[in-house]
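Below is one structure, written out as structure tokens; comments come after it.
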Amino acid sequence: MAKKKGLTPRSEDFSAWYNEVVLQAELADYSPVRGSMVIRPWGYGLWENMQRALDDMFKATGHSNAYFPLLIPMSFIEREKEHVKGFRPELAVVTHAGGKELEEPYVVRPTSETIIYAMYAKWVQSYRDLPLLLNQWGNVMRWELRTRLFLRTAEFLWQEGHTAHASEDEAEAESRLILGIYRRFMEEWMAMPPVTGLKTEAEKFAGAVRSYACEALMQDRKALQAATSHMLGQNFAKQFGLTFQSEEGREEYAWNTSWGASTRLVGGLVMTHGDDAGVVAPPKLAPTQVVVVPIARSDEQAVSVTERARRIAEELTNSGVRVAVDDRRHLSPGAKFFEWERKGVPMRVEIGPRDMERGEVVVASRVVAAGAPRKEAMAEADAVAGIGPRLDDLQEHLRAVALARREEGSVRQEVGSPEELAELLDGGAGFVYSGWSGDPAAEARAKEVAKASIRVIPDEEFRSETPPAQCLGGGKARMEVVWARAY
RNA sequence: CGGGGCGUGGCGCAGCUCGGUAGCGCGCCUGCUUUGGGAGCAGGAGGUCCCCGGUUCGAAUCCGGGCGCCCCGACCA
């Protein structure tokens with residue numbers, strides 16, 4: 001037996017653990033381009049499943065996909081004042097092409113509002129052209145100074161939805177609808193229940209009137225902004241001449257929304273469910289849900305055992321399970337177990353000579369409830385029939401654990417000062433629910449002192465039963481807010 | 001952008017203080033034996049020591065300059 005080659009435990013250094021997991025589980029690798037990563041098949045497989053689920057939800061609510069170009073004329077970005085201010089520092093700019101200096105530089109899109117609304121202006125004339133509900137899957141570039149695999153890379157993949165509506169109410173409803181979709185996706189698919197709500201003025205998207213967000217709590221009790229949905233008002237419509245003629249014959253500016261979720265979600269998935277053995281992929285998103293490992297002594301045995309393994313895999317495939325057979329002969333079973341656990345495959349079926357004789361297989365779950373056996377021998381037919389429900393149970397188990405962890409990490413009490421907020425966070429609190437007067441100065445001071453930010457002004461169902469009375473900056477609270485240190 | 005660290009076979013590192021034939025572990029290839037929690041033995045392949053310059057008979061090692069990456073902080077999906 002070789003000596004252990006484990007990961008740095010989460011308790012020792014969460015950040016080191018995260019990097020090692022991402023690399024060793026082959027989710028991604030560093031690329032030769034500064035701050036950019038290569039997403040490897042296992043990581044991309046997770047992303048593809050996320051894409052599929054989200055895409056289905058967008059389509060089901062009337063959205064269509066389209067594609068807009070990577071390069072945006074510099075002048076477009078500069079059109080909306082707040083928008084430029086927010087993105088200017090992180091723009092990558094193309095100044096040369098075809099061997100010549102360009103008359104007008106292009107920026108590599110950091111987000112596509114400007115070019116999309118410029119096009120919408122061309123396509124929309126009448127209220128009958130609205131709402132316009134498009135989404136695009138693509139890449140964007142933000143020249144971040146400090147990057148981290150999946151969580152913040154110079155280039156990342158995402159979807160950005162952009163809509164135009166005839167009324168403010170409709171745009172508002174759209175931005176809330178999408179926030180709900182993100183939330184449902186995170187709960188049902190990622191098993192990562194977020195807190196949702198409104199961003200403060202200081203934290204909102206550059207160019208938005210209002211920003212809504214899903215904030216998830218990671219195992220190290222830092223918050224991750226997992227998706228955002230913005231009500232843009234008429235800010236972009238006015239800059240790009242996106243007008244329409246109303247039913248009453250008046251020319252009016254359209255109301256826009258934009259919303260996005262990125263490959264950052266893969267990082268969130270890792271930090272929500274991962275353990276010291278590696279990734280734990282929720283069954284609904286796992287590229288492979290079940291791996292079948294044949295175990296044999298001799299070559300003849302290998303033939304018959306592998307044949308049986310393939311048959312089991314076929315039956316599982318027919319019942320809708322994503323399954324792989326690991327029939328590599330040069331690796332010992334133990335080596336395979338470790339590898340698949342590191343990648344987070346939810347379930348494993350082992351079949352060896354012993355099992356063959358008894359008509360059994362051994363079934364192991366990546367994660368089991370406390371006290372439950374890690375491995376179970378069961379009749380082959382029972383295993384095949386039982387795996388679907390077990391995957392469902394595991395999905396639910398992960399969600400329940402994540403939800404419990406989020407609530408255990410949440411503190412709801414009167415917070416009297418920024419110093420007290422800092423103490424709570426230093427003491428291990430994740431989300432701190434406090435009162436706030438709405439004063440930006442109080443927010444800024446607490447941010448400075450506690451090195452934390454208001455993640456959201458929570459939606460109603462997340463608010464405390466007894467609303468906080470006191471603003472942490474002094475005086476009376478006008479609303480409840482959720483503080484956290486964030487990624 | 002400030003602070004720190006690191007650049008040596010694919011990966012992780014030692015060697016550098018005190019200059020003298022480039023080493024270890026893992027991985028890889030071949031063969032045999034193995035396979036129920038990271039297999040063993042034997043043989044083998046693989047290196048412009050990040051780059052440029054300087055000192056020297058001689059530089060991975062000393063000196064100067066540059067580049068790159070990672071980590072920590074401030075800003076950000």
Side-chain angles (χ1 to χ4, degrees), chain A residues 1-8 13 15-16 18-20 23-24 29-37 85-91 110-111 139-160 182 199 202-206 211 213-216 223-230 258-268 277-278 293-299 301-302 305-306 326-342 348-356 360-362 364 374-375 377 447-448 451 453 485-487:
Chain A
M1 297 296 117
K3 66 166 188 273
K4 268 209 194 144
K5 326 165 207 180
L7 301 159
T8 300
D13 185 343
S15 178
Y18 175 79
N19 283 324
E20 291 171 18
L23 295 170
Q24 290 189 32
D29 200 356
Y30 294 109
S31 82
V33 180
R34 194 208 76 99
S36 302
M37 65 175 180
K85 228 198 289 172
F87 284 105
R88 174 115 65 192
E90 42 192 61
L91 293 180
T111 180
N139 56 344
V140 286
M141 176 161 280
R142 298 180 188 177
W143 208 256
E144 300 287 354
L145 297 172
R146 187 174 164 198
T147 58
R148 299 202 61 192
L149 294 166
F150 285 111
L151 302 175
R152 178 166 298 102
T153 45
E155 178 186 358
F156 57 92
L157 306 184
W158 75 346
Q159 58 68 217
E160 47 179 324
Y182 285 142
K199 287 284 181 183
E203 301 286 334
K204 74 180 185 185
F205 176 74
S211 288
C214 291
E215 294 282 333
L224 184 77
Q225 179 171 304
T228 48
S229 178
H230 313 290
S258 71
W259 27 278
S262 73
T263 37
R264 166 180 267 197
L265 290 173
V266 177
V293 180
I295 299 163
R297 277 170 211 290
S298 64
D299 280 337
Q301 235 170 30
V305 167
T306 303
D326 189 350
D327 57 1
R328 290 175 294 177
R329 290 284 287 139
H330 65 285
L331 290 181
S332 70
K336 294 178 185 176
F337 300 164
F338 277 99
E339 184 177 320
W340 290 110
E341 277 167 15
R342 197 164 56 218
R348 180 177 71 237
V349 173
E350 303 170 19
I351 173 133
R354 270 197 332 243
D355 310 302
M356 291 268 284
E360 289 184 345
V361 294
V362 170
R374 181 73 179 263
K375 286 192 185 191
K447 186 171 176 171
E448 171 83 26
K451 291 180 185 133
S453 52
R485 292 182 175 142
Y487 276 96

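Reminder, nothing fancy here: chain letters follow the sequence lines and each chain counts from 1.
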Please lay out, stage by stage, how A:Leu149 and A:Tyr30 fare under the test side chain to side chain contact (heavy atoms under 4.5 Å, CB included).
CA-CA 8 Å; A:Leu149 294 166; A:Tyr30 294 109; 3.8 Å; yes
Send over the distance from A:Asp326 CG to B:G38 P, rounded to a whole Å.
15 Å
A:Arg146 side chain N/O closer than 4.0 Å to the phosphate oxygens (OP1, OP2) of B:G73?
yes
Base, sugar-phosphate, or nothing for A:Gly352, non-hydrogen atoms under 4.0 angstrom?
base
For A:Arg354 and A:Glu360: C-alpha separation, side-chain torsions, deciding distance, then whether side chain to side chain contact (heavy atoms under 4.5 Å, CB included) applies.
CA-CA 8 Å; A:Arg354 270 197 332 243; A:Glu360 289 184 345; over 6 Å; no
Can we say A:Arg342 and A:Glu20 salt-bridge, meaning some charged N sits less than 4.0 Å from an Asp/Glu carboxylate O?
no
Counting only side-chain N and O atoms of A:Asn19, is one of them less than 4.0 Å from OP1 or OP2 of B:C70?
no
Distance, rounded to the nearest Å, where A:Leu23 contributes CG and B:C69 contributes P:
16 Å
Under the 3.5 angstrom rule, does the side chain of A:Thr263 hit a backbone N or O of A:Phe156 as a donor-acceptor pair?
no
Whole-Å C1' distance, B:G9 and B:U56:
28 Å
Paired to B:A42 by Watson-Crick or G-U wobble criteria (both distances under 3.5 Å) is B:U30
Using the C1' atom as the point on both nucleotides, what is the distance between B:A39 and B:C71, in whole Å?
36 Å
Closest listed nucleotide, where the reference is the side chain of A:Ala335 and the choices are B:U35, B:G38, B:A77:
B:G38
Applying side chain to side chain contact (heavy atoms under 4.5 Å, CB included), run through A:Glu203 and A:Lys447 and close with a yes or a no.
CA-CA 11 Å; A:Glu203 301 286 334; A:Lys447 186 171 176 171; 3.1 Å; yes
Taking atom C1' in both B:C69 and B:C11, what distance in whole Å separates the two?
15 Å
Under 3.5 Å, side chain of A:Lys336 to main-chain N/O of A:Val293, donor-acceptor pair present?
no
May I ask you to say what A:Arg348 touches in the nucleic acid, namely base, sugar-phosphate or nothing, with a heavy-atom cut-off under 4.0 Å?
base
With a 3.5 angstrom cut-off on both distances, give the Watson-Crick or G-U wobble partner of B:C69, or none if there isn't one.
B:G5
Nearest-angstrom distance from the residue atom CD1 of A:Ile295 to P of B:A39
13 Å
As a test of reading the structure: which of B:A74, B:C70, B:G36 is closest to the side chain of A:Tyr30, going by heavy atoms?
B:C70
Please give the distance between the C1' atoms of B:C1 and B:A74 as a whole number of Å.
8 Å
Using a 4.0 Å heavy-atom cut-off across all strands, classify A:Thr228 as base, sugar-phosphate, or nothing.
nothing
What contact category does A:Phe205 fall into here, base, sugar-phosphate, or nothing, at under 4.0 angstrom with non-hydrogen atoms?
nothing
Hey, is the side chain of A:Arg329 pairing donor to acceptor with the base of B:U35 inside 3.5 Å?
yes
Please report the distance separating the C1' of B:U35 from the corresponding atom of B:G43, rounded so that it comes out in whole Å.
23 Å
Tell me what A:Leu331 touches on the nucleic acid: a base, only sugar-phosphate, or nothing, going by heavy atoms under 4.0 Å.
base
Under 4.0 Å between a Lys/Arg side-chain N and an Asp/Glu carboxylate O for A:Arg264 and A:Glu144?
no
Give me the distance, rounded to whole Å, that separates B:C16 from B:U8 when you measure between the C1' atoms they each carry.
11 Å
Is the aromatic ring of A:Phe156 within stacking range of B:A77, meaning centres under 5.5 angstrom and planes under 30 degrees?
yes
Looking only at atom types and distance, does a side-chain atom of A:Arg348 sit under 3.5 Å from a main-chain N or O of A:Ala364, one as donor and one as acceptor?
no
Atom NZ of A:Lys451 and atom P of B:A74 are separated, to the nearest Å, by 6 Å
Complementary nucleotide for B:A59 - Watson-Crick or wobble, under 3.5 Å:
none
Rounded to the nearest Å, what distance is computed from the CD atom of residue A:Glu448 to the P atom of nucleotide B:A74?
9 Å
Of the non-hydrogen atoms in A:Tyr182 and A:Thr228, which two are nearest, and what is the gap between them?
CE1-O, 3.5 Å
By nearest-nucleotide position on RNA chain B, the 5'-leaning member of A:Gly86 and A:Pro353 is A:Pro353
Suppose you measure atom C1' in B:G5 against the same atom in B:C52; what distance do you get, rounded to whole Å?
23 Å
Determine the contact category for A:Glu341: base if any of its heavy atoms lies under 4.0 Å from a base atom, sugar-phosphate if only primed atoms, P, OP1 or OP2 are that close, otherwise nothing.
base
Per the atom types in the model, does the base of B:A39 pair as donor or acceptor with the side chain of A:Ser332 at under 3.5 Å?
no
Candidate nucleotides B:A39, B:A77, B:A74, ranked by approach to the side chain of A:Leu145 - the nearest
B:A74
Taken to the nearest whole Å, CG/A:Asp29 to P/B:C11 is 10 Å
Decide yes or no, distance alone: a donor-acceptor N/O pair under 3.5 angstrom between the base of B:G38 and the side-chain of A:Glu339.
no
Contact class for A:Glu144 vs. all strands (heavy atom < 4.0 Å): base, sugar-phosphate, or nothing?
base
Under the criterion of centre distance below 5.5 Å and interplanar angle below 30°, is A:Phe337 classified as stacked on the base of B:G37?
no
Pairwise 5' ranking along RNA chain B for A:Asp13 and A:Ala296, keeping only the more 5' one:
A:Ala296
For A:Thr147, which contact category applies under a 4.0 Å heavy-atom criterion: base, sugar-phosphate, or nothing?
sugar-phosphate
For nucleotides B:G66 and B:C72, find the distance between their C1' atoms and express it as a whole number of Å.
25 Å
Just checking A:Lys336: base, sugar-phosphate only, or nothing, at a heavy-atom cut-off of under 4.0 Å?
nothing
Nearest of B:A77, B:G38, B:G36 to any side-chain atom of A:Arg297?
B:G36
In the strands shown, is B:G64 matched to any nucleotide by a Watson-Crick or G-U wobble pair with both distances under 3.5 Å, and which?
B:C52
Test your reading of the model: is there a side-chain donor-acceptor pair from A:Ser36 to the backbone of A:Ser31, 3.5 Å cut-off?
no
A:Ser15 side-chain N/O to B:C72 phosphate OP1/OP2 under 4.0 Å
yes
Any strand is fair game: report the nucleotide pairing with B:G47 by Watson-Crick or G-U wobble, both distances under 3.5 Å, or none.
none
B:A22 pairs with, by Watson-Crick or G-U criteria that keep both distances under 3.5 Å:
none
Distance below 4.0 Å between A:Arg354 side-chain N/O and B:G36 OP1 or OP2
no
Return the value, rounded to whole Å, for the distance between atom CG of A:Leu91 and atom P of B:C75.
20 Å
Scan A:Val140 against the nucleic acid and name what it touches under 4.0 Å (heavy atoms): base, sugar-phosphate only, or nothing.
nothing
Figure out the CG/C1' separation between A:Asn139 and B:A77, and round it to whole Å.
14 Å
Looking at B:U17, which nucleotide sits across from it as a Watson-Crick or G-U wobble partner, both distances under 3.5 angstrom, or is there none?
none
